[in-house]
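Some notes on the structure that comes next.
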Amino acid sequence: MRDGAGDAVKEKNPCRTASRGAAGRAHRRRAWAELLRLPALFSVPGDALAGTAATGAQPNARTLLAIASSLCLYEAGMALNDWADRDVDAVERPHRPLPSGRIRPAAALTAACALTGAGLALAARAGRPALAVAAPLAATVWAYDLGLKHTPAGPVAMGAARGLDLLLGAAATTGRTRQALPSAALLGTHTLAVTTVSRQEAQGGSPLAPLAALATTALLTRVVTHRPPDHRGAAAHGLLGPRATPPPGTAPGRKPTAHLTTALAAAYAAATARPYFHATLNPSPPLTQRAVGAGIRATIPLQATLTARSKGTATALLIAALAPLGARFAKKVSVT
């Protein structure tokens, strides 16, 4: 009887071993998802797409290469960030993958190096103009994580990185970036404001940072919804006379584009207004972290707004569709 019982136990052991192995793999996947903050990836493709729209071009195969490059460089920054902050996180965030021991620091650094190399290689495939933007972008990411993050220049560096990411899409698609500079500046300003708030998310702090971010959101909303007069259309209208039909592209379709831009800008403002306001009233770590998460997710409707403003209607709607997906996955894995 004892031998039979022992055999039964032995027969169950392989199942238990397999179960423990599956649980271990799931545990490791979860740890890497937290390290790389995977839900934040939904805020990346809109950079290249908004940059492409700003040049008046349509997305093509080189745009996809730019998006892939951006994703790699973004995740390289995430892994490098936790590697550089592992000692600080051991005190302030011991639950993070590195201080908790779920991922080795060497593995995180290796991932950061590999992802940076992959990002630059993909940019090179998109052409020299793309690589010329991706190289300073990668340098900015590494400089931020390894030195600038805890200095007054940190938020500026992060804003510059996001702006360069938008220019990467323009450079890859058309080889030109000048037309995309205004959109890059607006997106970079938003990122600067969010990064400034994030500097006090672990311990809380002054209400000035979330208040400034709230004011920045209001200003950006005003700027992106303001459409300068179409001088080309006005000139043509004057030459042809008051009863003449304006040239194609000057009047038809302008109102729908303006309405979409306004709607997306309103979604951008709504995504951040309440979290920023709450963090202003009570800049505690939980409310500040919530404000930072909202600011990161609000990047998507801002990208969509910039794209719609450049008359990239279909692309703007595609970018906007990423927002609910990002919010859904953010419930499972934090973006901060």
Side-chain angles (χ1 to χ4, degrees), residues 41-68 70-71 126 162-163 165-191 217 219-237 245-272 297-328:
L41 281 179
F42 290 97
S43 72
V44 177
D47 288 348
L49 293 173
T52 298
T55 65
Q58 294 295 322
N60 55 32
R62 290 190 299 275
T63 311
L64 296 179
L65 287 171
I67 292 174
S70 296
L71 291 170
R162 183 64 84 161
D165 201 36
L166 185 146
L167 295 179
L168 176 57
T173 306
T174 67
R176 304 184 306 272
T177 59
R178 185 174 180 178
Q179 291 173 293
L181 287 174
S183 293
L186 294 171
L187 188 60
T189 300
H190 166 76
T191 304
T217 299
L219 176 61
L220 290 175
T221 302
R222 175 71 182 90
V223 171
V224 297
T225 53
H226 173 69
R227 181 177 293 276
D230 193 339
H231 298 293
R232 184 186 65 177
H237 183 69
T245 302
T250 57
R254 182 174 175 181
K255 283 188 176 181
T257 300
H259 292 332
L260 177 61
T261 302
T262 301
L264 291 171
Y268 162 64
T272 57
R297 291 190 294 273
T299 302
I300 299 175
L302 179 56
Q303 294 163 339
T305 304
L306 294 171
T307 304
R309 188 169 179 254
S310 301
K311 299 182 180 179
T313 304
T315 306
L317 293 173
L318 176 63
I319 296 172
L322 296 175
L325 293 175
R328 177 181 177 184

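Note that the numbering runs from 1 along the sequence shown for the chain. Scope of the values below: all heavy atoms of this structure, side chains included, with no hydrogens, waters or symmetry mates.
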Answer whether the closest heavy-atom distance between the side chains of [X] and [Y] falls below 4.5 Å.
{"X": "Y268", "Y": "L220", "result": "yes"}
{"X": "T52", "Y": "Q58", "result": "no"}
{"X": "I67", "Y": "L49", "result": "yes"}
{"X": "V224", "Y": "L302", "result": "yes"}
{"X": "T174", "Y": "Q179", "result": "no"}
{"X": "L317", "Y": "L260", "result": "yes"}

#### Entry: H190 side, atom NE2; T221 side, atom OG1 - distance, nearest 0.5 Å
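Nearest 0.5 Å value for the NE2-OG1 distance: 10.0 Å.
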
### Query
Just one of V44, L41, I300 clears the side chain to side chain contact (heavy atoms under 4.5 Å, CB included) bar with L322, so which one?
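Between L322 and the candidates, side chain to side chain contact (heavy atoms under 4.5 Å, CB included) is satisfied uniquely by I300.
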
Might you point out which heavy atoms bring [X] and [Y] nearest each other, and give the distance in Å?
{"X": "I319", "Y": "A304", "value": "CG2-N, 3.8 Å"}
{"X": "L264", "Y": "A316", "value": "CD1-CB, 4.1 Å"}
{"X": "L186", "Y": "R309", "value": "CD1-NH1, 4.2 Å"}
{"X": "A298", "Y": "A271", "value": "CB-CB, 4.0 Å"}
{"X": "S310", "Y": "A53", "value": "CB-O, 3.3 Å"}
{"X": "P45", "Y": "L71", "value": "CD-CD2, 4.4 Å"}

### Query
Which residue pairs satisfy the salt bridge (Lys or Arg N to Asp or Glu O under 4.0 Å) criterion with at least one member in residues 167-190, sequence neighbours excluded?
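Of all non-adjacent pairs touching residues 167-190, none passes salt bridge (Lys or Arg N to Asp or Glu O under 4.0 Å).
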
### Message
side chain to side chain contact (heavy atoms under 4.5 Å, CB included) for D47 and L168? Distances and angles first, verdict last.
### Response
CA-CA 8 Å; D47 288 348; L168 176 57; over 6 Å; no

### Query
Taking it one step at a time, do R162 and Q303 satisfy side chain to side chain contact (heavy atoms under 4.5 Å, CB included)?
CA-CA 11 Å; R162 183 64 84 161; Q303 294 163 339; 3.8 Å; yes

### Query
Side chains of T173 and T63: do they bring a donor and an acceptor to under 3.5 Å?
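There is such a pair between these side chains.
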
